[in-house]
Visitor: 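The structure is given below, and queries will be raised subsequently.
A, B, ... follow the sequence lines: proteins, then strands. Residue 1 opens every chain.
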Amino acid sequence: MSPPALAALLLASMLLPVHGHASGTALAQVAERLATTPAISRGQFEQSKKLAELETNLRSTGDFVLLVQQGLLWEVETPFASTLVIRSDGIRQLVDGQETLRIGADEQPGTQIVTAVLLAVFEGDVEKLDQQFLIDDSTIADEEWRIVLRPRSEATRVLVEKLILSGGERVQRVRIHEGGGDQSDVQLTYEQPPSPLSKRERALLAGE
Amino acid sequence: MRRAQAWFVVALLLGVFVLSSYLDEGLPLRSDITALLPVSDRDPLVAAAADRVASMGERSLRIYVLAEPSRQGEAARAVADALRAAPAFTRVARSAQDFLEPDARGRVRDLLLQHRFRMLSDADRQRLRRDGTAADDYFLRRAKSALYGFTTGSGVAFLDDPFGLVAARLASAAQPASAGALARDDQGHFVAHAADSETTYPLILAQTREGPFALRAQASQKEALARTRAALHRVAPSAEMLVDGLLPHAAAASAQARNEVTVIGGGALVTILLLMGWAFGSLRPFLLSMLVIGGGVLLAVAVTAQVFGSLHLLTLVFGASLVGVAVDYCMHFFASRAERGVDVQPAILLGLLSSVAAYASMVMAPFPGVRQMAFFAAVGLVGTWLGVRWLLPATTGMVVLRERARRAAGWWIAHSGGRLDAVQRRRTVIVLLASLPLLALLIACNLKPRDDIRLLHSMPAELQTQQARIAALRGGSATSAMAVLVRAPDRASLWDRERRLLQSLDGHPGVLALSAVFPPPAQQQADYALLGRTLYRDNGPLEALSRQTAMPQAGMAAHRADYEAAREHRLRLEEWLDSPLATALRSLWLGEVDGEFASVVLLRDAGLRSAAMRASAGIAGAQVFDQVERLSSAMGRYRHYIAWLLVLAYGVAGTLLALTLGWWSASLILLPPLVATAGVLVFWSVSGFVFSVFSLMGLVLLLGIGADYGIFLRKSRGDQRPAMAAVMLSMSTTMLAFGLLALSQTPALRSFGLSVGLGVPLTFLLASVLAGQRSDESN
């Protein structure tokens, strides 16, 4: 091979994109399939919770509202009404308008991780997820995808042992294996187009 | 003589050998004034508490990253990463989360889970106490929403904690009390508000692994900060980093002291070189003198570091200047070397003995600093004397005092003491003696000693402006080194006393206490019992929860069994102290000392003083102490001791001289430094300068120098001119060196320099007047 050709080949090999670890690629592929998250998303959820060491599944249904860069509102309707507000600065739980739990992100180590992860899941923020998790397994088809994520750090593992996400343009199913041993399986149905926020929702999401 | 020379070389080699053991890690030098102050208060617990307070305070740093808003995140990360990479720093935190090591979170959860029935959050406890069974509904709602709601990621299985007690407790448990009430941004990162309160800047907390006063540690801390600054400038070139803590002050002070010692030491060296060159017309005496003094200082450094374990910077300054006085011995040796029939060695030995006796008497002082300096000076003087005695006579070659020096000395003799006859001299002595009570009265009425430790702290202008900016970022709150020592005959009453103290301080964020985070046994027991009456009573909310949800009875039964099993299992203090939760507060526990239990409650806000005083007055075993006040009063005690030691030193030297030379000569020798001391004290009384313990130390040095002048002038036989020439030489060098010290920016050195710089010429003047001719030699 002539020296100029060799140089050209070397140069070309340098210009070619370097394929990193499979995890990076799978996340990138998921990111490609996800549509841009609109400012407001809302819909219905169906959750099935399996408690550690028990066979029973506890089902609940309700609505959720996501306001990008603000927070997530989780309104359980059946079998028992309650509201959960997840913002980057913490988590609030309300029943009949009364606050039953408040965990500030600045108070409890770990809450920040949880809120960041949950918000990233719903916002489809692949980059943020990549900071906390490694891809353990992935199935990626034309329209649909499924990824199994494992925490990168011990600090995250204490809270979330495994995260399984699947969907198409949006995240449609979220399975969380919690650090304590409980498991949640959540199915999401999106409302198209989403109706605007009510006054109450806006206030809750603003942390009021 | 050859053998003597060999001995000197052996001694020198020994010194070098001992010193070489420090080569690896450098001399164990320290620069904090506090290290000089007494280690033990009368009360060992107060001493221990003060020690904890000092080490907690002196090691913590706040670093403000002043970067433009768009670069702040990146800049703060760069700074935090660089600090974490430096072994000199530890516990680097950008947010509350960072206070827990990542791998410690699991341990924290397990600890809280294990003791969940005994560690209620304040809010939960209050609710259960106040509402009793009426709170059932609230906790049932909490349980059901956890069961059916979305995950809150507590990391605890529902069946281990259905009522969410751990999650509620976790919310307060891991709060790093040392972070106090710092502002945070929406990501939980610490921020500081600029004066306009619109802008915020990232704030990073860190601790130095060692205190900033050990010079070796300080050097690596400074280096790490420089590297951090470089890392910051790589991501944000225009950004700035302000460091708040003792480190910059300690670094500035030691840099300043080192600079000044170099300049002043260098100045003194050049003066000695010039003057000796002028007097002897040769470099030889200078070089030999430096060799001898170098040997003495080397010996003193090596032996003192061995005996005391570490060497204080001030010991080095004060001690080395004391040993430097030994240049007088060399000058006398050279000045009279060519004189026929003159043996100056007995006078040198006497001078040495009187000085060493005076300093040795100070080794008895209960102050480690005084002891170290006195020891250093005594060893150094002996080392130098060995050189003068054995090395110098063995050197070949002739050194002759030049005629010009002889003439100058002659002129001075003729115009000072030479003019007085025996009667006039006697009269002068009487006048001087009579003036002493008058001077003493003047001093007693006017001398206002100041022992405030803050006066010893001088800040370079650059540090001052930085300090002002930091004060603005801190929001005006002044940090304090105050604490309350709480003690009690048993643990239970200790916790009770702490609790009462905290109650009266009303949850002020500047208060750091163990019991604010560690639940005392009595409270643990009360919490457990409270749960037994409420959430865990028979057929209570636990069973209701099971009935109202689709959860099998078995899960609930298992949980109740957990509750029953925990009846005897309480969280012990030691277990908690070992856990990552206690990292920031561990040193507040003093433990059991002499049958008493004690803990420290830190007050980090100067504004807490009066409230703490009031609260402690009403609580047995509680005692407020202020580190600054404590050190200041120690300085005062220090000053008193030195004053008495100075009197003692005069007594010892006087007795020694009286036994060898007779009372009359002894008083003629000691009167000049004594009167000069009084004169200097008058200066301190009438001038506005701060008179402190360091001014007194200068007077101690004056005794050593002044006595030598008298001894040499009186002991010289025949031609007095060589002795006078030597005294004039040494006076000029001493006065110049210490006069330079009086210009120092370090207040301690300045006081010291002023005392010596003024006292030495005065002593010289009086000594030359009193020395006179040999007319009263017979006495």
Visitor: Go through the atoms of Gln183(A) and report whether side chain, backbone, both or neither lie under 4.5 Å from a heavy atom of chain B.
Guide: neither
Visitor: Looking at Gly181(A), Pro79(A), Gly62(A), Ala52(A), which one has more heavy-atom pairs under 4.5 Å with chain B than the rest?
Guide: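 Option with the top pair count is Pro79(A).
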Visitor: Identify which part of Val160(A) has an atom lying under 4.5 Å from any heavy atom of chain B, answering side chain, backbone, both or neither.
Guide: neither
Visitor: Taking every non-hydrogen pair under 4.5 Å, which of Leu147(B), Asp124(B), Val156(B) racks up the most with chain A?
Guide: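 Of Leu147(B), Asp124(B), Val156(B), Leu147(B) has the most heavy-atom pairs under 4.5 Å with chain A.
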Visitor: For Glu564(B), I'd like to know if atom CD has over 12 heavy atoms of other residues, nucleotides or ligands within 6.0 Å.
Guide: yes
Visitor: Let me know if Val117(A) has heavy atoms under 4.5 Å from chain B in its side chain, its backbone, both or neither.
Guide: neither
Visitor: Can you tell which of Thr100(A), Asp182(A), Val76(A) has the highest number of heavy-atom pairs within less than 4.5 Å of chain B?
Guide: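 When all of Thr100(A), Asp182(A), Val76(A) are compared, Thr100(A) has the most.
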Visitor: Out of curiosity, Leu51(A) CG to Asp160(B) CG, how far, rounded to the nearest 0.5 Å?
Guide: 10.5 Å
Visitor: Other residues, nucleotides and ligands only: do more than 12 of their heavy atoms fall within 6.0 Å of CD on Glu99(A)?
Guide: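 For Glu99(A), atom CD is crowded (more than 12 foreign heavy atoms under 6.0 Å).
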Visitor: If you draw a 6.0 Å radius around NZ in Lys128(A), do more than 12 non-hydrogen atoms from other residues or ligands fall strictly inside?
Guide: no
Visitor: Work out which heavy atom in Gln93(A) is nearest to a heavy atom in Ala146(B); give both atom names and the distance.
Guide: NE2-N, 3.8 Å
Visitor: Side chain, backbone, both or neither: which part of Leu94(A) has an atom under 4.5 Å from a heavy atom of chain B?
Guide: neither
Visitor: Determine whether a donor-acceptor pair (N or O, by modelled atom type, separation under 3.5 Å) exists between the side chain of Gln98(A) and the backbone of Tyr138(B).
Guide: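 Absent.
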Visitor: CZ/Phe80(A) to CZ/Arg141(B) distance, rounded to the nearest 0.5 angstrom?
Guide: 7.0 Å
Visitor: Rounded to the nearest 0.5 Å, what's the gap from OH on Tyr148(B) to CZ on Arg59(A)? Could you check?
Guide: 11.5 Å
Visitor: Say you draw a straight line from CG of Leu72(A) to CZ of Phe150(B); how long is it, rounded to the nearest 0.5 Å?
Guide: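 Output value for this atom pair is 6.5 Å.
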